[in-house]
Amino acid sequence: MKILFIGSRLYDDIDWYVKEKGIESVLTESNEEAINLDLPDQVFIVPRGMDGPKQVALMQKVDAIVPLIGIDPPLIDVAHMKEEVERDFRIPVIAADVRAVELTSNKINTKEFYTEIGVTTPEYQILNSPDELTLDFPVVLKQGEGQGGKDIKIAKSIEDVEEYFNQFSQALCEEFIEGSEISIEVLGYGGEYVALPPIYKGETTIEGTHPLNKVKTGPCMVEGLDNNLVQHTAYKVAKNLDSDGIFEMDFMYSKQKDQLYAIEVNTRPNGTRYLTTATCGINSLCELVNMAIGEFSLADISDRLEYHYSTEIPVGNYGGPSPKEPVKSFAYNDFVVHGPEGYQRVTARANSKKDLENLVEKLM
Ligand SMILES: Nc1ncnc2c1ncn2[C@@H]1O[C@H](COP(=O)(O)OP(=O)(O)O)[C@@H](O)[C@H]1O
Ligand SMILES: [Mg+2]
């Protein structure tokens, strides 16, 4: 088995698994200064875009292509490449197709899609000027595209909305949901989908603090919220997206209204994955590899499901005890350190809440 991986930045997360599986690894990267270029068997530096990876895949006669791209902008090019390469060369590309990317990479399209398939999403309107606003304050103003909280503002007054329009000419304006933020990963391949355990990412704040900067825990334990409902809703969204790979979804739960709201979908490796792996033992990036080698199976995932308490803490720069090799694997560690210097996070797991507290104390 020979796999082409596109993008080196996340490759250290799965290098150990690729080696364990005896897979021959080829990697393309557009930045020759990028990290992890020493890990794969072969590396090709190619221009940005999907033409280079496609040529390398054909020249190297790989069995499958696994894009490891953690940001939104390239996903549409990947999706077009997937459709072409699967159709013309019969090489599987483990990624979302064009329709799924178009529906999920733009938050406005995603809202319309939720409404079409009968999934509740916060009330919204598309504003072309502040005076069109009819929702009650506070409201959340967003752009169609963006991640990590980029271009998001919580407006408490019409002045805030006017200020936002100094910078933008249109806004997706959403009812502010007071409640819990929840993320969940769904894995899909060949028409089969599995929703992994949901993760709790903290409460929404009127300042709009992004979950990237909060302490998160798994499994999700929110009073009044049934995790089966989250998993079932996520499954329904993924099934209707009808594509391959990872679907990470954000939800919010308002206890006051006893309502689960769907917020957004990311069809790529995402920040929830460490907590998912810590909590249930399933690693979404390893599953992309399994999809590529024909070993992805729902029965197998059910057999491997584990039950742990886990937490993820932003630490900036980690200075605690060293993890064992391979350092990115929960198969060998009860904690994993990840993220770039200055923005590192530690994800830790244990079999009871008390053990988890003790472990965190040891690591901090
Ligand atoms: N309707 C809302 N009500 C309350 N908080 C929100 C709402 N929408 C977004 N937020 C806050 O902003 C964050 C980022 O919003 P999101 O739509 O997930 O965009 P991004 O792609 O930047 O993650 C959310 O995680 C949440 O903290
Ligand atoms: Mg989000």
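Numbering of ligands and ligand atoms starts at 1, following listing order. One is the number of the first residue; the rest follow in order along the sequence.
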>> As an exercise, identify every atom of ligand 1 less than 4.0 angstrom from a heavy atom of Asp250.
In response: 18 (O)
> So does Lys156 have more than 12 non-hydrogen atoms from other groups sitting under 6.0 Å from NZ?
Replying inline: yes
> What residue and atom, counting heavy atoms only, is the protein's closest point to atom 1 (N) of ligand 1, and at what distance?
Replying inline: Glu174 OE1, 2.8 Å
> Under 3.5 Å between some N or O of ligand 1 and some N or O of Ile177?
Replying inline: yes
> Who gets closest to atom 11 (C) of ligand 1 by heavy atom: Lys107, Glu264, Met252, Gln143?
Replying inline: Met252
>> Can you check which of His210, Lys142, Lys214 brings a heavy atom nearest to atom 8 (N) of ligand 1?
In response: Lys142
> Under 4.0 Å from ligand 1, counting heavy atoms only, is it the side chain of Ile263, its backbone, both or neither?
Replying inline: side chain
>> On a heavy-atom basis, I'd like to know which of Glu207, Glu181, Met249 is closest to atom 24 (C) of ligand 1.
In response: Glu181
>> Is the distance between the ring centroids of Tyr261 and Tyr253 under 6.0 Å?
In response: no
> With sequence neighbours left out, which residue pairs that include part of residues 85-94 fulfil the side-chain hydrogen bond (donor to acceptor under 3.5 Å, both in side chains) condition?
Replying inline: Lys82-Glu86
>> Any nitrogen or oxygen of Gly148, side chain or backbone, less than 3.5 Å from one on ligand 1?
In response: yes
> Does ligand 1 have an atom that lies less than 4.0 angstrom from a heavy atom of Asn266?
Replying inline: no
> Which pair of non-hydrogen atoms, one from Gln231 and one from Pro198, has the smallest distance, and what is that distance?
Replying inline: CG-CD, 3.9 Å
> Near Phe168 CZ, under 6.0 Å, is it more than 12 heavy atoms from other residues, nucleotides or ligands?
Replying inline: yes
>> Could you enumerate the protein N, O or S atoms under 2.8 Å from the Mg ion (ligand 2), written like residue then atom name?
In response: Asp250 OD2, Glu264 OE2
> Judged by non-hydrogen atoms, does Gly149 sit under 4.0 Å from ligand 1?
Replying inline: yes
>> Would Pro211 count as a polar contact of ligand 1, with the cut-off being nitrogen or oxygen pairs under 3.5 Å?
In response: no
> atom 15 (O) of ligand 1: which protein heavy atom is closest, and how many Å away?
Replying inline: Ile152 CD1, 3.3 Å
> With atoms numbered from 1 as shown, which atoms in ligand 1 lie under 4.0 angstrom from a non-hydrogen atom of Thr209?
Replying inline: 27 (O)
>> Give me the nearest non-hydrogen protein atom to atom 2 (C) of ligand 1 as residue plus atom name, then the distance to 0.1 Å.
In response: Val140 CG2, 3.5 Å
